[in-house]
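Note that this is a predicted model, so its numbers are computed, not measured. By convention in this document, chain letters (A, B, ...) are assigned in the order of the sequence lines, proteins followed by strands, and residues within each chain are numbered from 1.
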Protein chains: 2
Amino acid sequence: MASSQPVRRNTRQRQVVWGELKKLKSHPTASELYDIARQRLPRISLGTVYRNLELLVENGAVRKLEVGGGEARFDADMGEHCHVRCLRCGRVDDLHDLPGTKLPERFTCSNGYDIIGHRLEFIGYCPECKRPEAEKNNENPCSEGG
Amino acid sequence: MASSQPVRRNTRQRQVVWGELKKLKSHPTASELYDIARQRLPRISLGTVYRNLELLVENGAVRKLEVGGGEARFDADMGEHCHVRCLRCGRVDDLHDLPGTKLPERFTCSNGYDIIGHRLEFIGYCPECKRPEAEKNNENPCSEGG
DNA sequence: ATCTATGCAAAGCTTTTGCAATCGT
DNA sequence: ACGATTGCAAAAGCTTTGCATAGAT
């Protein structure tokens with residue numbers, strides 16, 4: 001039962017990346033977080049942001065959200081909650097008030113998988129991207145939104 | 001109400017990409033599908049596979065699964081169902097027999113989002129990747145699996 | 001003093017795009 | 001014949017990695 005993990009050092013960069021992420025409710029991408037961190041540590045590199053995020057995820061301090069679209073997003077809120085993603089602008093918000101839903105956590109399903117968790121992501125339009133009813137018919141539905 | 005979409009041609013490449021995808025239950029990535037299509041059309045290019053998949057998604061014939069990890073996966077089964085992803089090998093399977101769950105489809109939530117759909121992905125270990133109980137404690141949990 | 005972590009730049013990987021040639025209609 | 005579609009190759013975008021140096025313990 002040897003702990004093969006190296007001793008982690010509490011660097012300024014790590015403090016800032018985690019500290020800034022915890023302040024935000026906006027689930028930033030790595031490069032957004034890089035821009036924010038740079039305001040405090042002008043010489044920090046994007047690679048360092050990625051490396052620290054990866055480490056924080058491994059340590060269970062941060063959650064990586066691989067939502068649709070391009071970049072991964074990061075969330076320092078480890079409480080159980082799911083997310084809403086805007087189809088138009090890509091913004092991601094928390095969803096804590098899901099109308100009475102209880103998904104099973106651990107079970108074995110008929111195809112033999114041993115389930116240990118799930119990921120639930122709602123898809124829609126954020127307040128800023130809502131449009132008048134009339135427009136809605138002209139929109140192609142999201143590939144996974146239906 | 002002008003239909004600005006160009007007329008679609010029924011090319012051999014498109015037939016093969018869609019045809020092979022429909023035969024598979026395995027949710028292949030674009031490059032897996034490319035390898036398969038190449039057995040029938042040796043000169044097809046990866047770009048063509050991507051372009052046809054994109055078109056099929058737009059037309060509602062194929063669903064794009066942006067699951068965790070790197071590559072997107074594609075599914076020609078448009079019926080309502082969700083997916084199970086193996087934490088170890090990345091394989092994705094269907095999950096039709098979800099124990100009594102009913103998620104709300106369309107609603108407006110308190111943060112103002114207009115929800116039109118959702119994405120539910122279960123995470124666990126596939127039959128081939130299951131290990132003895134004793135091993136399970138040494139595994140780092142998935143970033144989004146808990 | 002040791003060895004993890006950093007900054008920088010290059011490389012990796014998936015996906016997209018420009019262009020001349022091809023082929024479905 | 002027209003123009004959507006293709007193959008090819010280059011480019012784009014996000015993320016990872018190699019390496020010498022800096023810095024936490």
Side-chain angles (χ1 to χ4, degrees), chain A residues 3-21 27-59 61-74 90 92 143-144, chain B residues 3-21 27-59 61-74 90 92 143-144:
Chain A
S3 146
S4 56
Q5 306 249 346
V7 176
R8 294 302 171 201
R9 292 178 181 173
N10 194 18
T11 63
R12 189 102 185 82
Q13 287 86 341
R14 187 123 66 224
Q15 290 167 15
V16 169
V17 167
W18 193 20
E20 293 299 322
L21 183 55
H27 315 88
T29 63
S31 90
E32 285 167 357
L33 205 45
Y34 168 57
D35 288 337
I36 292 164
R38 218 164 9 162
Q39 292 170 17
R40 297 230 261 137
L41 301 175
R43 301 192 51 91
I44 195 174
S45 75
L46 182 55
T48 294
V49 173
Y50 272 107
R51 277 186 284 227
N52 278 314
L53 286 171
E54 186 189 6
L55 236 130
L56 290 164
V57 168
E58 276 174 21
N59 293 349
V62 160
R63 198 170 286 175
K64 185 177 184 179
L65 314 175
E66 316 203 43
V67 298
E71 297 158 90
R73 290 169 176 275
F74 296 87
V92 174
S143 56
E144 295 182 72
Chain B
S3 148
S4 54
Q5 306 248 347
V7 176
R8 296 299 171 202
R9 291 177 183 175
N10 195 18
T11 63
R12 189 101 186 82
Q13 288 86 340
R14 185 124 68 225
Q15 289 167 16
V16 169
V17 167
W18 193 20
E20 293 299 323
L21 183 56
H27 315 90
T29 63
S31 90
E32 284 166 358
L33 205 45
Y34 169 55
D35 288 337
I36 292 164
R38 219 165 8 161
Q39 292 169 19
R40 295 231 261 137
L41 301 175
R43 302 193 49 93
I44 195 175
S45 74
L46 182 55
T48 295
V49 172
Y50 272 106
R51 279 186 282 227
N52 277 314
L53 286 171
E54 185 189 7
L55 235 130
L56 290 164
V57 168
E58 275 173 22
N59 292 351
V62 160
R63 197 170 287 175
K64 184 177 185 181
L65 314 176
E66 316 203 42
V67 297
E71 298 156 89
R73 290 168 174 276
F74 297 86
V92 174
S143 58
E144 295 182 73

Chain A contact limits on DNA chain D, taken 5' to 3' with a cut-off of 4.0 angstrom to heavy atoms = D:dC14 to D:dT25

Test side chain to side chain donor-acceptor pair (under 3.5 Å) applied to A:Glu20 - qualifying residues, sequence neighbours left out | A:Lys23, A:Arg40

Euclidean distance, B:Arg63 CZ relative to B:Leu56 CG, rounded to 0.5 Å = 14.0 Å

Figure out the CD/P separation between A:Gln13 and C:dT4, and round it to whole Å.
-> 17 Å

Carefully, step by step, assess A:Val62 and A:Val17 under the rule side chain to side chain contact (heavy atoms under 4.5 Å, CB included).
-> CA-CA 11 Å; A:Val62 160; A:Val17 167; over 6 Å; no

Global bending angle along the helix from C:dA1-D:dT25 to C:dT25-D:dA1, which compares the axes of five pairs at either end, to 10 degrees = 30°

Could you run through nucleotides 16-25 of chain C and give me one letter per nucleotide, 5' to 3': B if any protein heavy atom sits under 4.0 Å from the base, S if only the sugar-phosphate is that close, - if neither?
-> B-B----BBS

Taking only residues two or more places apart in sequence, or in another chain, which ones meet A:Arg14 in a side chain to side chain donor-acceptor pair (under 3.5 Å)?
-> A:Asn52

Over how many whole Å does the gap from A:Arg43 atom CZ to C:dA5 atom C1' extend?
-> 15 Å

Tell me, please, which residues at least two apart from B:Leu41 pass side chain to side chain contact (heavy atoms under 4.5 Å, CB included).
-> B:Arg12, B:Gln13, B:Val16, B:Ile44

Applying side chain to side chain contact (heavy atoms under 4.5 Å, CB included) to A:Glu54 and not counting sequence neighbours gives A:Glu58

Between A:Leu41 (CG) and C:dA5 (P), how many Å, whole number?
-> 16 Å

Nearest-Å distance for atom pair CD/P, residues A:Glu71 and C:dT15 | 15 Å

Between CZ of B:Phe74 and OH of B:Tyr50, what distance do you get to the nearest 0.5 Å?
-> 7.0 Å

Please identify each residue that fulfils salt bridge (Lys or Arg N to Asp or Glu O under 4.0 Å) with B:Arg38, with sequence neighbours left out.
-> B:Asp35

Value for CG (B:Leu55) from CZ (B:Arg51), rounded to nearest 0.5 Å, stands at 10.5 Å

Partners meeting side chain to side chain donor-acceptor pair (under 3.5 Å) with A:Ser45 (sequence neighbours left out) = A:Thr48

